[in-house]
Amino acid sequence: MFPSSSERRRSTARKLAISAAAIVVTVLPTACDSAYAGSPNNGNGVSMGSSGHGSGSGHGSGGGHGSGSPIETRPVVPAGNNSDDPATEPSDDAGDAPETTAPAQPEGDDENGSNGSGDAGGSEGSADPDEEGAGGDNGDDGDAEPAPPANNGLDVLGTDCTGSQLPPHDGFQLAPRCVSTSFGEVASEDKSPSLLITDAPRSVGVKEKFTISVSTRNLVRDRFLGAAAGGYYLESSFLTPEGLQRGHFHTACRMLSSTDVAPDAAPAPEFFLATQDNGGGAEPDTVTVTVTGMPTAGTAQCAVWAGDGSHRLPMMQRANQTPAFDVVRITVK
């Protein structure tokens, strides 16, 4: 028995309705996924700009709709990653990765209530550390100046005695040792100490006394720790409230065995004197030093140099400044 025409119409209508429902179920998830990837700010708490937060990969757990049901995953470049490099594109299972939310854009946590299923809403890390914009550490520091390289990028052997195999220096005139005393304070270039021998004889007799006139500038001669008492290299450099070097100056005369090669530095000089007379200042002044005489005939070298409180030559602001020293040669007959 054949069905009536009315029954056939009802059967056809049911088939059409079932087909339409199947089409909606098949197409709708794909359309939603495309909308998430295409909007620069989709209201789902995902930053797609260039603030440095990035979004991680995917749109929340299980595909990004917050329902927990699996959907079709497409190879869509994650929000915040605009690279064309294939190496930075997410894998096929990127939708299962935890979502990176941008803490600087809290409005996304309230709009539409969709931050995924909540399993990864607070994560600041990224599933793939190689992806651009991933990770919360970059954050709002995109405009910050990069930290300077260690030691200005120079190959520095060390800045203290930590790696030294030598015993520590203890303030006495012993070596080899490692001095851990800080360099201390350095004066500005216009207040750097300077020194000049302004008067000295050209020749003297053996054992004859003579005088050397020394002019100093920007040197306050009020600091001297006795080297023999353990004050050598013991104190850091210090300036006065006006920014002038505190210290003293030395005078030493020695006989030269040759004027063609550098002399041996080890022997003690025939004459040595440290001058700490509480004088000196910003304006130049002159001190007269009396030398007790040289023991033999030949060529004497008399040197004068400034020292800080612990006998170091005062530091200079620039490397091409001339230190506070001067030298003369005197013929001894």
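The residues of the chain are indexed from 1 along the displayed sequence.
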State, yes or no, whether a side-chain contact exists between [X] and [Y] at a heavy-atom distance under 4.5 Å.
{"X": "Gln245", "Y": "Ser237", "answer": "yes"}
{"X": "Asn151", "Y": "Thr159", "answer": "yes"}
{"X": "Thr296", "Y": "Val332", "answer": "no"}
{"X": "Ser310", "Y": "Asp308", "answer": "yes"}
{"X": "Cys253", "Y": "Glu270", "answer": "no"}

What about [X] and [Y], same hydrophobic cluster or not, with Ile/Leu/Val/Met/Phe/Trp/Tyr joined at side-chain heavy-atom distances under 4.5 Å?
{"X": "Leu225", "Y": "Leu273", "result": "no"}
{"X": "Met255", "Y": "Phe210", "result": "yes"}
{"X": "Val179", "Y": "Met315", "result": "no"}
{"X": "Leu239", "Y": "Leu244", "result": "no"}
{"X": "Val327", "Y": "Val304", "result": "no"}

Can you measure from CZ (Arg246) to CZ (Phe238) and round to the nearest 0.5 angstrom? 9.0 Å
Rounded to the nearest 0.5 Å, what separates atom CE in Met294 from atom NZ in Lys207? 12.5 Å
Using the ring pair (Phe, Tyr, Trp, His ring centres under 6.0 Å) definition, which of the options Phe224, Phe249, Phe272, Trp305 pairs with His311? Phe224
What one should report as the nearest heavy-atom pair of Ala200 and Ile212 is CB-CG1, 4.3 Å
Which pair of non-hydrogen atoms, one from Pro201 and one from Ile330, has the smallest distance, and what is that distance? O-CG1, 3.3 Å
Counting N and O atoms only, with roles assigned by atom type, does the side chain of His250 sit under 3.5 Å from a partner on the main chain of Ala274, one being a donor and the other an acceptor? no
Short side-chain to backbone donor-acceptor contact, Asp199 and Ser213, under 3.5 Å: no
Hey, could you give me each pair passing disulfide (SG to SG under 2.5 Å) that has a residue in residues 185-246? Not counting sequence neighbours. none
